[in-house]
Structures are given as structure tokens and as C-alpha cells.
2 protein chains.
Amino acid sequence: MSKAMSKPAYHHGDLESALLAGALERVRQVGAEKVSLRGLAADLGVSPSAAYHHFPDKDALLRAAGFAAIDKLADQQELALAIISATGADGAVARFRALGRSYVDFALNEPHLFRLAFGGHCAIPEGSENREPSRAWTILTCALDELVEAGLLTTEFREKSEILVWSAVHGVATLILEGQLPAEAADELFDSLAHMLGVRR
Amino acid sequence: MSKAMSKPAYHHGDLESALLAGALERVRQVGAEKVSLRGLAADLGVSPSAAYHHFPDKDALLRAAGFAAIDKLADQQELALAIISATGADGAVARFRALGRSYVDFALNEPHLFRLAFGGHCAIPEGSENREPSRAWTILTCALDELVEAGLLTTEFREKSEILVWSAVHGVATLILEGQLPAEAADELFDSLAHMLGVRR
DNA sequence: ACGATATCTGTACAGTGTAAAGATCACTCT
DNA sequence: AGAGTGATCTTTACACTGTACAGATATCGT
């Protein structure tokens, strides 16, 4: 009943989390389409088909790794928020900007993880009414709430801003990543957003 | 010296464009990671390794197909512009909105092509100074010019809008496609953009 | 007409995902 | 404690993949 708790178990330890961690790291290094289940199993000292007792598919393993990557992105965003707070940079605008920066930095520093997360492997199960908002979403809404509290953003305009901001930041990250926009585009975008939000009376 | 011009050539016709068209169609139907070079060759009545006289790699073929997909997207945008013009909808805003719609419609109607185009297969060769702007870019800038001419967009704000608008539309398309945003998010985004641009004095 | 060259075939190999059946260990129940 | 149960892993095997290499074949320039 206990799964993947502590390190020593019996045959291997616990393969499930080892597979997940290994897959995540391998994707991080060489990209999702170049990781082989067999190679991963070999590195873990386990037989080629051992993984099938923990994941129905290679795709299922990669999907799990993709969700872990999404989580890593959220971690990094929270870390960026913590850092900017410690730095003492006052404004809610600074925090807001730091969020955007950390998002595109993640995309550029970990392109394989970013593509794994948003490249079709982690599509949501389709009929999902009870979809809890993703961590990225809640982090974003909190930052927007701060802007509203600071009087920098109209309440009426706030709700519309959610989708706009997330889409813009995500879009610029992927477009830079795929070479469709130069790297400087990110800062220009942040300028536009700040100008656009901060200028509201 | 002539490559891939007219239909009848000698052994097969011209394999190069047949391979490209076949790859594009197969990706369209089942997704890039499920097309096999061998299966494609078999369907074309050709030996397994025939493709290697036209493309150095399977990846090279897929990359070529990806660029074709990008072109298809641009085609669809121009078609959307033509339609909205014929409809007689007056404003530059309507044209602008039609562009956005066609972009996310393409992503949702042809998810596999969209992912092929922006999923890492078509990254730009890195050191590209003389990068001519993509068709999507020029189409977008033209639409923005129209908005400026119509007096709906400040010239000062226009330049910043380019990156913002493209990023936002591309972002919302991929986020919807990956299930991170509901389909209605696209229209809400367009509202935000229209509000944001049109409201400028 | 005749080489030169581009195009395609045949064969082969290493590597892949995964299905099926058997082995091995931890744990539970009496 | 001892037997059985179920989870975990191994072995073996199969169909399939991308692609290298050595020839065959048809086309074109001269």
C-alpha cells in the first residue's frame, strides 16, 4: 500500500520513482525523442521490460516526466518570487516582471523539459470539468492580485489580464525557443506588458 | 540541376516532393512521432532506403515538412484575410481579429502540423543574422499598419505591439491545444487585445 | 555511342518498444 | 512458523525501426 516512500525496498529499491527521475534527467539532457526505455533500464541495472510493471507505456512514463517538468517550472517561478522579495525590490511590478523572466528563462535553459511539458505529451484528459487550476495559473493570479492591491491594475481589467499575460509570456518563450523571435523579444514584451498594465489610471 | 520540377521523371517521378507531401499528410493524420520512413517508402512503392538520396535524415524530411506546415499556416491566414475582406466587414479591427482566429483555428484543427511546426523540429540554424522575417511576421505587421492608418493604434505603441500580439496569439493557441486553457480563452484574449489596442487615444 | 552521374534496390545490422511466461522475493494469514 | 499469494523482476522472443553499404539501372551531357 505504501508506494515509493523510502529508499530501500526489496528487489531494486523502488523502480517507479527511479524510472521517473531517470527519464526526467535523460529528457533534460538529450530530449524526449532520444531517450530509450531500454537504455534507461540498463542504466538502472534492470531488465528491458521491468518498467512495464510501473507504467503501461513508454508514453505514460514520459507523460509523468512531463508533469514533473511542469512542476519544476512552477518551482522555479516560486523561487524567483522568493529571490525578488529577498532582494528588497519593492514594487509589485518587479515581482510581476520576475515571474515572466523566470518563465522564459526556464524555457531557454531547459528547452527539452519545456518541450516535453508543452509538446503534446501532457495533454489534459479531454473531459475534465473538475480541472483544478495549474500551479502556474494560481501563481499568476496571485501576482495580478498584488498589482490590483497596489492600485496599478483596474479590477475590471484584471480578469482579462490573466489569459493575456500568461499567453503572451508562454508565447514569447516558445517563439524564442524555436528561433522565430530573437532573445531580446522577451524584455520588449515585458516592457509592453508593464506599460500596458501600469499605465492604467 | 533541375530538381523536383514537373511530374514525370524517370524512376519514380520525383521522389523528393512525393516524400515531402507524404510525410506532411502522414504527420497531419497521426502525428510526427508515429510516421515511419519505411512505411512511407512502402506506400510510395519504393525501397526502404530510397529516401536517403533526397534527405540526409528522417529528421531532415520532418523538418522540411515542418516548414511546409508553417507555410500552410501562413496560407490559411492570408485566406482568412481574403474572406473577411470579401465579407465586407469594414474595420481594420475585424481583419485583425480574423487573423488571430485563423491562427488558433489552425492550431486546433491541425494539432499535429502545429506541433511539428513549433515543436523543435524547425528551429532556426542558430547563427542567422540575415534572417528574413517569416510570413506570419509580415502578415502581422501589415495588419498592424492598417490599424495605425485607421487611427486605432498609436505609432509609438505599434512597434511594441508586434511582439506582444504574436506572442499572445501563439501562446493562447498552444495553451489551449495542450489543455492548459479552455477553448473560450481565445475569444477572451481577442477581446483583451482589441480593448487594449482600440482604447488607445 | 559512351562514360558519368543521379536515382533506386537489396541486404544487413544494431537498436527499439513491448508481449508472454516463468522466476524470485516480501508479506499476510492461519 | 510455514504455506500461499501477489507484487516485482527476468528471460526470451517478435515485429519493427532508422540507416549504412554495395550494387543495379536508367538518364543525360558530350
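Note that the coordinates shown come from a computational prediction; the quantities given were computed from them, not determined experimentally.
The closest side-chain heavy-atom distance from Ser85(B) to Arg95(B) is below 4.5 Å. Leu140(B) is not listed as a side-chain neighbour of Val169(B), based on a closest heavy-atom distance of 4.5 Å or more.
By the neighbour-count criterion of 12 heavy atoms within 6.0 Å, atom CD of Glu159(A) is sparsely surrounded, having that number or fewer from other residues, nucleotides or ligands.
The stretch residues 19-33 of chain B has no heavy atom under 4.0 angstrom from DNA chain D at all.
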Return a table of donor-acceptor pairs under 3.5 angstrom between the side chains of residues 49-74 of chain A and protein atoms on other chains or two or more places apart.
residue	atom	partner	partner atom	Å
Lys58(A)	NZ	Val35(A)	O	2.9
Asp71(A)	OD2	Arg135(A)	NH1	3.2

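At least one side-chain nitrogen or oxygen of His54(A) sits closer than 4.0 Å to the OP1 or OP2 atom of dC9(D). Applying the 4.0 Å criterion to OP1 and OP2 of dC8(C), one finds that Ser47(B) has every side-chain N and O outside that range.
At the heavy-atom level, Ser36(B) lies under 4.0 Å from the strands shown only through sugar-phosphate atoms.
Ring orientation note: the planes of His170(A) and Phe118(A) are nearly perpendicular, at an angle over 60° on the 30°/60° scale. Between Tyr103(A) and Phe114(A), the ring-plane angle classifies as perpendicular under the 30° and 60° cut-offs. Using bins of under 30°, 30° to 60° and over 60° for the plane-to-plane angle, the ring pair Trp137(B)/Trp166(B) lands in the tilted bin.
Of the two residues near DNA chain C, Gly39(A) and His53(A), the one whose nearest nucleotide lies more 5' is Gly39(A). Along DNA chain D, the nucleotide nearest Ala51(A) and the nucleotide nearest Arg38(A) are compared for position; the residue whose nucleotide lies closer to the 5' end is Ala51(A).
When rounded to the nearest whole Å, the span between OH of Tyr52(A) and P of dA21(C) equals 17 Å. Atom CG in Leu44(B) sits roughly 16 Å away from atom P in dT7(C) (whole-Å rounding). Atom C1' of nucleotide dT16(C) and atom CG of Leu37(B) are separated by 16 Å, given to the nearest angstrom. Spacing between atom CG of Leu62(B) and atom P of dT17(D) amounts to 14 Å, rounded to whole angstrom units. Rounded to whole Å, atom C1' of dT10(D) lies 12 Å from atom CG of Leu15(A). Separating the CG atom of Leu40(A) from the P atom of dT16(C) is a distance of 11 Å, rounded to the nearest angstrom. The distance between atom CG of Asp14(B) and atom C1' of dC8(C), rounded to the nearest whole Å, is 14 Å. Going from atom NZ of Lys34(A) over to atom C1' of dT17(D) covers 15 Å, rounded to whole Å.
Of the listed nucleotides (dG18(D), dT18(C), dT11(C)), dT11(C) has the atom at the smallest distance from the side chain of Ser49(B).
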